[in-house]
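Remarks on the structure that follows.
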There are 2 protein chains.
Amino acid sequence: METAARRQRDLRQRETLFLDRARKFLLSHGYHGLTMDRIAQATGYSRGTIYQHFRSKEDIIVALINRGMAQRLSMIERAAGFQGRTRERMQAVGEAVDLFMRLYRDDARVAYLGNAEAVMQKASEASLNTMKGLLHQTTAIATGIVREAIEVGDLTLKPPATPEILIFNLWAITEEGHASGMMWTPPSELGVSNPLDAVINGCEMLCDGYGWRPLSHECNYSAARQRILGEIFPEESRKLGILDADWRGRRKNRVVSN
Amino acid sequence: METAARRQRDLRQRETLFLDRARKFLLSHGYHGLTMDRIAQATGYSRGTIYQHFRSKEDIIVALINRGMAQRLSMIERAAGFQGRTRERMQAVGEAVDLFMRLYRDDARVAYLGNAEAVMQKASEASLNTMKGLLHQTTAIATGIVREAIEVGDLTLKPPATPEILIFNLWAITEEGHASGMMWTPPSELGVSNPLDAVINGCEMLCDGYGWRPLSHECNYSAARQRILGEIFPEESRKLGILDADWRGRRKNRVVSN
DNA sequence: CTCATCCTATGACACAGTGTCAGAATTTGT
DNA sequence: ACAAATTCTGACACTGTGTCATAGGATGAG
């Protein structure tokens with residue numbers, strides 16, 4: 001019986017439709033501008049039908065966040081496979097997040113808007129757990145790289161620092177820095193013209209502070225960036241026009257082996 | 001006519017009453033648990049009266065946040081007056097934030113809960129501006145210290161770093177780190193047992209990364225912490241029991257002059 | 001003390017949105 | 001073609017918001 005499969009597919013399709021419309025309202029009119037009525041109106045279904053997919057409007061928001069986080073996770077996974085020194089692999093992960101922010105601005109914005117107690121409080125246990133899982137997977141990759149760095153001898157953590165704490169702080173810079181780009185008070189008002197660059201700078205300096213070798217003055221991390229973009233995210237970076245056309249020609253700039 | 005003055009005082013007093021009750025509900029039942037009805041009930045006034053003080057429930061939340069931010073700012077201002085090397089003064093500012101987090105847990109939590117688009121969207125222009133002002137004053141103090149560090153020669157920023165970017169990242173670690181302590185997914189689940197310590201560690205490493213002298217291995221910043229607590233926040237730290245009883249005896253550990 | 005004036009407090013009201021559920025509508029299998 | 005199963009619907013009961021005409025209580029002058 002094939003009908004069941006098709007129905008399943010239809011359901012998924014409709015769920016996607018709901019999510020897409022919801023995102024539109026959330027982005028254009030904020031939390032209070034997103035209502036079940038509007039989604040129903042915009043999709044041609046009735047309110048009741050939406051409730052067959054989601055427990056509440058907050059549940060929709062979390063589902064939306066999860067969709068974005070899954071996308072980001074897949075990019076991070078790809079990045080973690082970069083061939084290079086441990087610190088470069090960490091950099092690749094950062095680059096993945098950066099690309100995600102630029103390429104999927106809407107999803108990033110949704111994540112920012114939805115990251116609120118008002119939302120979490122009313123979301124379903126299920127979607128909250130999915131979210132938690134996604135988050136754990138993401139940090140696991142990052143701490144994995146740190147552990148490897150320690151094993152390989154690129155990094156020596158002095159107490160009370162631990163791999164988790166390092167990632168915790170790296171993550172804080174990244175998240176907060178990116179979030180600030182969408183806040184009520186734009187970072188430009190605080191004298192930071194380009195938060196994305198500020199994040200990169202902060203991560204680099206933090207890694208330097210922890211003594212993660214090679215330090216930024218021992219290695220050309222701008223060149224490493226071009227390699228990462230070219231090898232792992234060629235399409236994405238071309239789409240954004242942030243990859244030097246002749247990056248291959250720059251390979252000589254490659255990091256010197258220890 | 002003294003009546004006017006007294007009335008003014010009564011109004012303020014009532015406003016405080018509203019805010020206190022509101023905070024109670026916000027903390028215990030979250031955003032959706034805070035309603036005008038409940039506040040009215042709890043204070044013995046009617047809904048209409050509350051609307052004479054605040055435009056909306058979100059406006060109350062922002063007013064609550066502002067109260068906390070003002071308190072924190074005053075502690076930061078005190079800290080910035082610490083006598084010592086520039087980096088120690090920066091540390092003092094961090095210490096002030098840390099103390100604020102411990103001493104005024106409720107206000108800190110309110111700031112976390114209220115930091116959401118859902119709230120800002122409906123808050124009044126006026127309270128939002130107050131908030132912005134408070135934020136600017138806070139960052140101004142911090143960047144001021146960085147600038148002085150550069151002037152004095154304790155710090156040399158390499159492009160693209162700027163005082164604002166340094167503060168931006170330092171701030172990110174502090175805010176996000178502290179916020180994580182109240183999140184839906186506790187930091188302990190991510191392997192960080194004590195986020196407050198993680199923040200301190202992160203700030204220290206970041207400053208080291210930027211080359212802010214004296215670096216952490218050139219100076220005993222734990223000792224500096226005791227001096228800061230003892231000189232600037234004696235009461236506060238005694239209340240928390242985080243000041244060594246004999247901190248004065250440790251003065252010999254003082255930072256060596258360059 | 002009384003009354004006119006002014007101001008503040010009140011809660012009923014109109015409205016918007018949520019989540020549910022009995023029954024209508026549609027699809028499926030025979 | 002029809003009964004059974006499944007899915008969709010919108011009216012319903014609620015909760016909460018923000019407003020406003022009016023009740024109620026000060027205040028000050030006579």
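Throughout, protein chains are lettered first and strands after them, A, B, ... in sequence-line order, and every chain is numbered starting at 1.
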Per-pair distances, 0.1 Å, donor-acceptor, side chain in residues 90-97 of chain A, under 3.5 Å, sequence neighbours excluded:
| unit_1 | atom_1 | unit_2 | atom_2 | d |
| --- | --- | --- | --- | --- |
| A/Q91 | NE2 | A/Y221 | O | 3.0 |
| A/E95 | OE1 | A/R225 | NE | 3.4 |
| A/E95 | OE2 | A/R225 | NE | 2.9 |

If you look only at distance, which donor and acceptor atoms sit under 3.5 Å apart when one is on a side chain in residues 190-198 of chain B and the other is two or more places apart or in another chain?
| unit_1 | atom_1 | unit_2 | atom_2 | d |
| --- | --- | --- | --- | --- |
| B/N194 | OD1 | B/L196 | N | 3.1 |
| B/N194 | ND2 | B/D197 | OD2 | 3.1 |

Atom pairs and distances, side-chain donor-acceptor, residues 41-48 of chain B, under 3.5 Å, sequence neighbours left out:
| unit_1 | atom_1 | unit_2 | atom_2 | d |
| --- | --- | --- | --- | --- |
| B/T43 | OG1 | B/I39 | O | 2.8 |
| B/T43 | OG1 | B/A40 | O | 3.2 |
| B/S46 | OG | B/T49 | OG1 | 3.3 |

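Following rounding to the nearest Å, B/I39 (CD1) and D/dT15 (C1') show an atom-to-atom distance of 16 Å. Atom P of nucleotide C/dG11 and atom CD1 of B/I50 are separated by 12 Å, given to the nearest angstrom. Across the protein-nucleic acid pair, B/Y31 atom OH and D/dG16 atom C1' stand 11 Å apart, rounded to whole Å. When rounded to the nearest whole Å, the span between OH of A/Y45 and P of D/dT7 equals 13 Å. Regarding B/I61, its CD1 atom lies at a distance of 10 Å from the P atom of D/dT17, rounded to whole Å.
Checked against ring-ring contact (aromatic ring centres under 6.0 Å, His included), A/Y104 has the following partners two or more places apart in sequence or in another chain: A/F100. B/H178 is linked by a ring-ring contact (aromatic ring centres under 6.0 Å, His included) to nothing, counting only residues two or more places apart in sequence or in another chain.
A/H32 and B/Y31 have tilted rings, their planes meeting at an angle from 30° to 60° on a 0 to 90° scale.
Phosphate proximity of D/dT7 to A/Q52: absent, as no side-chain N or O sits under 4.0 Å from OP1 or OP2. In terms of phosphate contacts, B/S46 brings no side-chain nitrogen or oxygen within less than 4.0 Å of OP1 or OP2 of C/dA9.
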Protein within reach of the bases, or only the backbone? For nucleotides 15-22 of chain C, mark each nucleotide 5' to 3' as B, S or -, using heavy atoms under 4.0 Å. --SBBB--
